[in-house]
Structures are given as C-alpha cells and as structure tokens.
Amino acid sequence: MLDIRFVRANPDTVRSDLQKRNDPKKLAWVDEVLSKDARSRELKVQTDELRRRRNVISREINEARKAGKDTTSLLAEAASLPQKIKDNDAEQEEIASTVRAYLMRLPNILDESVPQGKDDNENVELKRVGTPRTFDFELKNHGQLAAENGWADFERATKCSGAGFYFLKGSLALLDLALQRFAIDLLAKKGFTPVIPPFMINRSSYEGVTDLDDFEKVMYKIDGDDAYLIATSEHPIGAMYQDEIFEEKDLPLRLAGISPCFRREIGSHGLDTKGLFRVHQFSKVEQFVFCTPEDSWKIHEELLANAEEIFMALGLPYHVVNICTGDIGTVAAKKYDIEVWMPRENAYKEVVSCSNCTAYQAVRLNIKVRAKDDFESKRYIHTLNSTAIATSRAMRAILENFQEKDGTVVIPPVLRQYMNDRELL
RNA sequence: GCUGAGGUAGUCUAGCGGUAAGGCGCAGGCCUGGAAAGCCUGUGGUGCGAAAGUGCCUCGGGGGUUCAAUUCCCCCCCUCAGCGCCA
C-alpha cells in the first residue's frame, strides 16, 4: 500500500500514475483520501485536546482530594468529557478505516520505464535468447506425452482432487525435484539462503503481501481456521519480517523460497494448457530480496539475470518482456516476464515473473531499515521477488523442446547430475 | 484436546487504582593521542508546528467499572511447560 505521507506530499505523482494506468475510478479516490485524511487529522487535534483536559482534571482531582478540598465542580467537568471523546473517536475511526480501505487498493507508483499499454498484447519485448529448434515430425502435446509414458496421471488426479491437479510419477517426479535442486544450488552460489516456509499463512499476513482482490479469486481458504494455502513462497517470506526494523548492514537479504504453490484460479483450458501449464498446484523456487531503496533497481536486474541464467543453462529459447501499464497489476512498480518458447503453440509463454515492489509491500508489512550512523532515521525497505523456476511450466517446456521423434525426451545436461546421470527421461 | 504458568517499549525484568521504574543492548555526546572503562542524553506509534518545541496514544487484543485502569470485572487471542494424541 502507499504510505499516506507519500500521498499527502506527492498527490500529483499519484494522480498522474493513475492516469497512466487509465484508471479513472481510483483516480477519483485520491481527492477523497486527501480530504478525509485532512478531516481525520483535524479531529485528532480536537480529541487530543479533550483527552489532555481530562488528564489535567484527573490530576487536579487527585491533588484536591489529598489537600481535602472540594472537588464537585471538577467532577462535573470531567463527567462531560468522555462522551465527547467517544463521539470524536467514532467519527475518526470511521474516516480512518475508509482512508485505509482506499490506500490498500491504490496501486503502486510505476517506474518511468514501464511502457504504456492496454493489456498483455502491448508488453514490450526487450530481447530474445536462443534459437527455437525446427522439428521434422509432429510434436505431441506435453500432457499426452507424459500420460502415455506413465510420467503423469491426470485422470486419476481429477478423480480424487478435481481438474487442474496431477500425479507426477517416475521420471517426471524426479525431474520436478531436479529442477528445484538445480535452481537452489545456482542461487545458493549467488548468496541466497534456501528457505522452506510455512505453506499456510493467516489473513492479516496475507493482506500485507498481496492484492486484496486476489483473495477470493486466487487463494484457498482452510475452512474453520484463519489459514490460507500459499499461492507462492513470496507471501510467507514477505510476511516473515513484518513489523521489524533491519540494520542497514543486514541488507540486502537474499532468500530462495522453496514451496508448493496453490492457486484456485487457473484460467482457460486448451490442449496445450491442459496438462501442466495451468494447474492448481505446482512447485516453485522463488527469489526474494529485502533491500534498501537505493539498491532495489540494481537488484531487480540481478534477479532477472539469475532467472535468465537458469533458462539459458537448461537450453530453452526465451525472450524477456517489459510488462506494460495495463498488465502490471497493483503491487509491482516494474515487472519483467521471461517467456519460454513453446514449439507446439509456436509462441513464447510466461514462465518467470520478476518484480520490484519498491516500498509497496513494506508499508503494509511495516518493515523498515535503520542506518547505522543515523539512529533516528527509519525508512521503509524495498522488496523484490522473481521466479527462479516454476517446475510445472518448465517441465512442459522441456517435454516440448527436447522431445524426439520416438517419443523420448532428452534431459538438459545441467540436470543430469540430479537424475542419476540419465540422458533421457 | 486437558491442566498450569505467563504476555510490560529492541530485549530482560519491576509495578497490581493516581497516569510506566530499572538492567542490558543500541545510538549520540563528554573524556582520550586513540581506545576501553566511566559519566551524560536518547531509545515505540501518531498529530500540531518553519523551528524550538508541544500534545495524544502505547503495558497481548476488545469491551466494562471509575474523575482516573498496567492495576478491578467480562470476552477473545497468543506463547511456554506438563499430560494426551500423533508422522
């Protein structure tokens, strides 16, 4: 969420950002937030004065009693105060919660380098890496291939868990683990600490890290408990340090989250998305960084480079796109996607999402950093996150790009050490 | 799930109707050739103010009693210990 102090000080920045996003509804909120916030502070001044008076009278009553003086007039004034205070508090509380509700829904301020555009068709390609292979036979779609080879069982998963779930078996179960292990080892060499987080978190922590509108659409709620299945390890890892203050020397903090991810919404189905591409559950290794505001743009590039290194090493052709204003969502100030070449569809498809959330999550989570030489100064930190590998989508890419005519699939050499040195699935 | 003990500022600990005391840590200052030690000041949130300042809030959370609640009453949450169940 945006810091109310930021909105007060920079209303024009907030307005022009919402114009860039073409969001007239939220644009109208800005003035309402500002006027309600002003009224709220005005009320606070009044109420604080009433409280001050009450405190003074209480002390005077105490002293008068000790001195054996009459207190009836003091008691009369004191009796009139609580109701006024209560009324003011009620009004202020109502205003404050409205302001907060708007603030929670106002999006992050976009970086200037974010391209303007209506939707994902207007994302800007930044570069292409690798050359798509040409096939002299007809590719099987990845789900069919996996099922035929006994590497996955979609039908039985549907029977016991519903559509969008899968059993991974044999080679693909091992490939899932190999991909995770490969990504973890690569990130560990770059200073990331592997972290396996809780797979459920409570509502208030969730509100700190995600877009509120995602709640009903995306998250699975555990019935009867204040618990949600995580949609990505980004969420518990972000919430991990809520209400804490970092020392500058402890930043940047680089963590590699390892977890299954659970998502209710999986969107449309088609032959190519059916198997492993759009699913309710998948494994992911995630890069997450807490850093100072000065470092975040440099680290954003670093996270992208790490993710690219993984796909390059796997030998998968990909391109990088700069996500445009119409597609970026509320939390990120800037987002890159890596899309990998899917030869059956003849298209690049999303496999990595790399975001600089600047202070947006930190404000909600109340995470700050204190400089060593300036004890008084506390600033909100910046958070960043990027996929390292989402195994379901990477497996689809491998099943398509490295498929042979006889239905075998070549294991990328970098994964073989994690697959008992096998060359084929 | 049961029983018991707890929840006080970054942390540890006191206070048990009169408006949060102290230790440690941390930051700044004094002292010093430099350091340590010692001493002094500060240490959460929020508002008003150009500033100097100044006010309000904060004792797990929410209600209640009272002129006044960390303290008394009610409800809830969490942590720890023991027991039970258990991969």
Side-chain angles (χ1 to χ4, degrees), chain A residues 1-9 33-100 102-104 196 198-208 221-228 236 239-251 253 259-260 290 292 359 362-381:
Chain A
M1 111 179 143
L2 296 177
D3 186 354
I4 182 65
R5 280 163 295 198
F6 177 85
V7 181
R8 262 180 227 153
V33 164
L34 288 170
S35 69
K36 287 212 148 100
D37 171 59
R39 172 66 186 149
S40 163
R41 277 177 294 150
E42 191 180 287
L43 271 172
K44 181 168 165 53
V45 170
Q46 280 177 25
T47 316
D48 279 359
E49 173 56 25
L50 290 171
R51 284 189 219 275
R52 191 194 62 77
R53 184 69 197 141
R54 186 193 58 190
N55 291 343
V56 167
I57 292 175
S58 286
R59 255 169 257 145
E60 283 172 2
I61 288 171
N62 187 32
E63 278 159 31
R65 285 227 171 123
K66 278 186 197 153
K69 291 188 205 149
D70 179 50
T71 58
T72 45
S73 67
L74 286 170
L75 284 170
E77 189 186 349
S80 70
L81 292 174
Q83 192 56 46
K84 286 184 197 161
I85 292 174
K86 214 171 182 176
D87 292 345
N88 273 16
D89 276 348
E91 188 184 346
Q92 203 194 343
E93 177 57 36
E94 197 193 321
I95 292 171
S97 72
T98 310
V99 168
R100 187 173 166 78
Y102 282 135
L103 283 178
M104 289 288 273
I196 297 177
F199 299 159
M200 295 182 220
I201 61 174
N202 61 33
R203 172 115 198 181
S204 76
S205 298
Y206 236 126
E207 288 184 350
K221 164 110 176 73
I222 303 296
D223 194 27
D225 283 285
D226 179 16
Y228 293 79
M240 187 176 181
Y241 288 95
Q242 63 190 106
D243 297 316
E244 296 198 29
I245 299 171
F246 282 99
E247 302 278 340
E248 222 165 63
K249 68 176 166 56
D250 296 325
L251 297 178
L253 178 62
S259 82
F290 297 92
T292 60
V363 171
R364 279 194 202 170
L365 290 167
N366 190 29
I367 305 176
K368 295 179 179 173
V369 58
R370 176 161 51 208
K372 181 79 177 166
D373 56 357
D374 186 359
F375 192 68
E376 295 299 316
S377 84
K378 280 177 275 266
R379 300 175 298 153
Y380 287 111
I381 56 142

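All figures in this text were calculated on a predicted structure; none of them were measured in a lab. Naming: A, B, ... by sequence-line order, numbering from 1 per chain. These values consider heavy atoms only, across backbone and side chains, with no hydrogens, waters or symmetry-generated copies.
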Passes side chain to side chain contact (heavy atoms under 4.5 Å, CB included), A/Tyr380 versus A/Val369? Steps please.
CA-CA 6 Å; A/Tyr380 287 111; A/Val369 58; over 6 Å; no

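Checked against side-chain contact (heavy atoms from CB on, under 4.5 Å), A/Asp87 has the following partners two or more places apart in sequence or in another chain: A/Gln83. Evaluation of the ring pair (Phe, Tyr, Trp, His ring centres under 6.0 Å) rule for A/Tyr241 yields A/Phe246, A/Phe290 as partners, not counting sequence neighbours. Residues passing the side-chain hydrogen bond (donor to acceptor under 3.5 Å, both in side chains) test with A/Thr72 are A/Asp70, sequence neighbours excluded. Every residue two or more places apart in sequence or in another chain was checked for a salt bridge (Lys or Arg N to Asp or Glu O under 4.0 Å) with A/Arg54, and none qualifies. A/Arg59 pairs by the side-chain contact (heavy atoms from CB on, under 4.5 Å) definition with A/Asn55, not counting sequence neighbours. Every residue was checked against the side-chain hydrogen bond (donor to acceptor under 3.5 Å, both in side chains) condition with A/Glu93, not counting sequence neighbours, and none meets it.
Here the separation of B/rG4 from B/rC86, taken at their P atoms, is 24 Å to the nearest Å. Rounded to whole Å, the separation between the C1' atoms of B/rG45 and B/rC83 comes to 42 Å. Separation of the P atoms belonging to B/rA69 and B/rC76 is 24 Å when rounded to the nearest angstrom. Between B/rU58 and B/rA9, the distance separating the two P atoms is 15 Å to the nearest Å. Comparing the same atom, C1', in B/rU70 and in B/rG7 gives a spacing of 12 Å after rounding to whole Å. Between B/rC75 and B/rU13, the distance separating the two P atoms is 28 Å to the nearest Å. Atom P of B/rU43 sits at a distance of 13 Å from the matching atom of B/rG22, rounded to the whole Å. The gap from the C1' atom of B/rC16 to that of B/rA21 amounts to 14 Å, rounded to the nearest Å.
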Using a 4.0 Å cut-off on protein heavy atoms (strictly under), produce a 5'-to-3' string for nucleotides 45-72 of chain B with B for base contact, S for backbone-only sugar-phosphate contact, and - for none.
SSSS------BBS------S--BS----

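Side-chain contact check for A/Gln242 and A/Ser205: at least one donor-acceptor pair (N or O, by modelled atom type) lies under 3.5 Å.
For RNA chain B, if you chain together Watson-Crick or G-U pairs that step i with j, i+1 with j-1 and so on, the runs of at least three with distances under 3.5 Å are B:1-7 with B:77-83, B:10-12 with B:22-24, B:25-30 with B:38-43, B:44-48 with B:53-57, B:60-64 with B:72-76.
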List, one per line, each side-chain donor-acceptor pair under 3.5 Å for residues 40-50 of chain A, sequence neighbours excluded.
residue, atom, partner, partner atom, Å
A/Arg41, NE, A/Asp37, OD2, 3.4
A/Arg41, NH2, A/Asp37, OD2, 3.2
A/Glu42, OE2, A/Arg39, NH1, 2.6
A/Lys44, NZ, A/Asp48, OD2, 3.2
A/Thr47, OG1, A/Leu43, O, 2.7
A/Thr47, OG1, A/Asn88, ND2, 3.1
A/Glu49, OE1, A/Arg52, NE, 3.1
A/Glu49, OE2, A/Arg52, NH2, 3.0

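Between the P atom of B/rC26 and the CG atom of A/Asp250 lies a distance of 14 Å, rounded to the nearest Å.
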